[in-house]
Amino acid sequence: MNMHYIRRGTGKPLLLVHGIGGSWRSWNTILDDLAAEREVIAVDLPGFGDTPPLSGPVTIGTLADALTEFLEAHQLLGIDAVGSSMGARLVLEMARRGGVLGAVVSLDPGGFWQGWEIPFFYYTVAGSIRLVRALQPVMPALTSSAVGRTALFAQFSAKPWRLSPKITLDEMRTFAAAPSFDELLDSLAYGEKQQGAPEGSVPAPLVIGWGRQDLVCLPRQAARAQALFPDARLHWFAGCGHFPQWDQPQETVRLILQVTQGEYIGQEAGREAAAQPRPQRTLAVAAVAGVAVAGLWLLARRSR
């Protein structure tokens, strides 16, 4: 696998693994700050960004195999790693296998949904990607507007109007062009369930971070992730949606550096026990976001 990647900075290597539909550019909000302390290696997974798709099935297992081969080829086994969304589940899977990664930070990992949460995840994201593909001709105009960014990213960010027009445009372009998106989405929702790692089997530091306002991987799923990975510590991001590196970039950088340097001491007592968003509210907000995006799509079609 000829996997595309970028390297920046100097120091101990640090691997960044993006989510479904993303690329190495998904980390642009924190890349420079991390590169000031570490040698950052941000990859495009197979079928995303500038890396060609796998020749066979696209699953968490096959992506983990490909990424492990990449690390072996570049003599990077044991590297500290950070993953986001699908990439967060991927680094958990690689940590579970053992002998591949060092310290791991997993930001809002997918794969821990149950019951109604499975079709909720699948159909909201599948609907979003269809709209994103249809809206490509007017995407620069939409992402340059605070209203447009709010409609497009309401499910992904707690404060989408504050996101960078360039970063959001890059993300929407990459989402629409990713040849492996549909197959991987189906596999994430309805494919093999994520296996856990028995207590004591992950010796390196492992922290799972979760946004309090995540509308993709609902906060209630964090307890399931920690139950499957009992060696992990849980870190909550307040005022944050699905991508902490977008909504809380400074806190995300601090967390990554502290965990990978063995200096993470956890949060203040009581913060991790704060009340979670109600599922009914989550569904309502996601539905409103979907309607807003659909409205923009209809307006764009009429304006052609």
Side-chain angles (χ1 to χ4, degrees), residues 4-6 18-31 42-54 58 84-87 108 110 119-189 214-217 241-243 245-247 249 284-304:
H4 177 260
Y5 65 97
I6 62 102
H18 62 78
I20 186 171
S23 71
W24 70 266
R25 292 180 176 84
S26 300
W27 300 101
N28 267 335
T29 51
I30 63 174
L31 193 56
V43 298
D44 286 346
L45 292 171
F48 300 94
D50 292 324
T51 300
L54 296 172
V58 183
S84 171
S85 188
M86 176 275 294
D108 295 75
F120 168 70
F121 160 75
Y122 179 82
Y123 287 108
T124 55
V125 176
S128 295
I129 189 60
R130 289 187 179 92
L131 287 171
V132 165
R133 288 167 179 161
L135 287 168
Q136 284 304 301
V138 294
M139 194 57 69
L142 291 177
T143 54
S144 67
S145 161
V147 174
R149 292 194 299 277
T150 298
L152 287 168
F153 289 91
Q155 189 180 2
F156 300 96
S157 170
K159 297 177 181 178
W161 57 89
R162 292 187 177 180
L163 299 177
S164 158
K166 183 181 186 309
I167 287 175
T168 51
L169 180 59
D170 285 345
E171 200 74 5
M172 292 295 92
R173 293 293 199 216
T174 307
F175 265 57
S180 295
F181 189 102
D182 293 334
E183 183 179 355
L184 183 56
L185 179 64
D186 184 76
S187 176
L188 288 172
D214 191 341
L215 300 182
V216 179
C217 299
H242 188 58
F243 295 115
Q245 68 268 31
W246 290 2
D247 286 350
V285 173
V288 170
V291 170
V293 174
L296 280 173
W297 178 63
L298 291 173
L299 287 172
R301 285 180 62 86
R302 290 176 182 175
S303 65
R304 290 179 185 176

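- Checking side-chain atoms of His18 against main-chain N and O of Leu45 turns up a donor-acceptor pair under 3.5 Å.
- Residues Leu215 and Ala154 come closest through the heavy atom pair CD1-O, 3.6 Å.
- A distance-only check finds no donor-acceptor pair linking the side chain of Thr51 to the backbone of Gly47 [under 3.5 Å].
- Proximity of Tyr5 to Asp44: side-chain heavy atoms (C-beta onward) are nowhere separated by under 4.5 Å.
- Inspection of the His242 and Ser157 side chains reveals no N or O donor paired with an N or O acceptor under 3.5 Å.
- At least one side-chain heavy atom of Met172 sits less than 4.5 Å from a side-chain heavy atom of Phe153.
- For Gln245 (side chain) and Trp27 (main-chain N/O), no donor-acceptor pair under 3.5 Å exists by modelled atom type.
- Within the 4.5 Å cutoff, no side-chain heavy atoms of Pro46 are placed close to those of Pro53.
- Using a 4.5 Å heavy-atom threshold, the side chains of Leu152 and Met139 count as touching.
- The CE atom of Met86 sits 11.5 Å away from atom SG of Cys217, with the distance rounded to the nearest 0.5 Å.
- The backbone N or O of Pro140 lies less than 3.5 Å from a partner atom in the side chain of Ser144, making a donor-acceptor pair.
- Distance check: Thr143 OG1 to Leu135 CG gives 11.0 Å after rounding to the nearest 0.5 Å.
- Listed for the Ser85 side chain is no donor-acceptor partner under 3.5 Å among the backbone atoms of Gly87.
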Given side chain to side chain contact (heavy atoms under 4.5 Å, CB included), test Phe48 with Ile20 step by step and report yes or no. CA-CA 8 Å; Phe48 300 94; Ile20 186 171; 4.2 Å; yes
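- The closest side-chain heavy-atom distance from Phe156 to Leu163 is not below 4.5 Å.
- Between the side chain of Asp214 and the backbone N or O of Gly241, no donor-acceptor pair lies under 3.5 Å.
- Between atom OG of residue Ser23 and atom CD1 of residue Ile6 there is a gap of 10.0 Å, rounded to the nearest 0.5 Å.
- In terms of modelled atom types and a separation under 3.5 Å, the side chain of Thr124 and the main chain of Phe121 share a donor-acceptor contact.
- Using a 4.0 Å cut-off between charged nitrogen and carboxylate oxygen, Asp182 and Arg133 count as a salt-bridge pair.
- In this structure, Tyr122 and Leu188 have side chains that are not in contact, with every pair of non-hydrogen atoms separated by 4.5 Å or more.
- For Thr174 against Gly21, the heavy-atom pair with the smallest separation is CG2-O, 3.2 Å.
- For the atom pair CG (Leu185) and OH (Tyr123), the distance works out to 10.0 Å, reported to the nearest 0.5 Å.
- Remark: side-chain polar atoms of Thr29 are not paired, donor with acceptor, to backbone N or O of Pro249 under 3.5 angstrom.
- Residues satisfying the side-chain contact (heavy atoms from CB on, under 4.5 Å) test with Pro165, not counting sequence neighbours, are Arg149.
- Taking each heavy atom of Ala158 and Pro160 in turn, the nearest pair found is C-CD, 3.6 Å.
- The closest side-chain heavy-atom distance from Phe175 to Phe181 is below 4.5 Å.
- Here Asp170 contributes atom CG and Ser164 contributes atom OG; the two are 8.0 Å apart, rounded to the nearest 0.5 Å.
- The aromatic rings of Trp246 and Phe243 lie tilted to each other, with the angle between the two planes from 30° to 60°.
- Between Arg25 and Glu171, every side-chain heavy-atom pair lies at or beyond the 4.5 Å cut-off.
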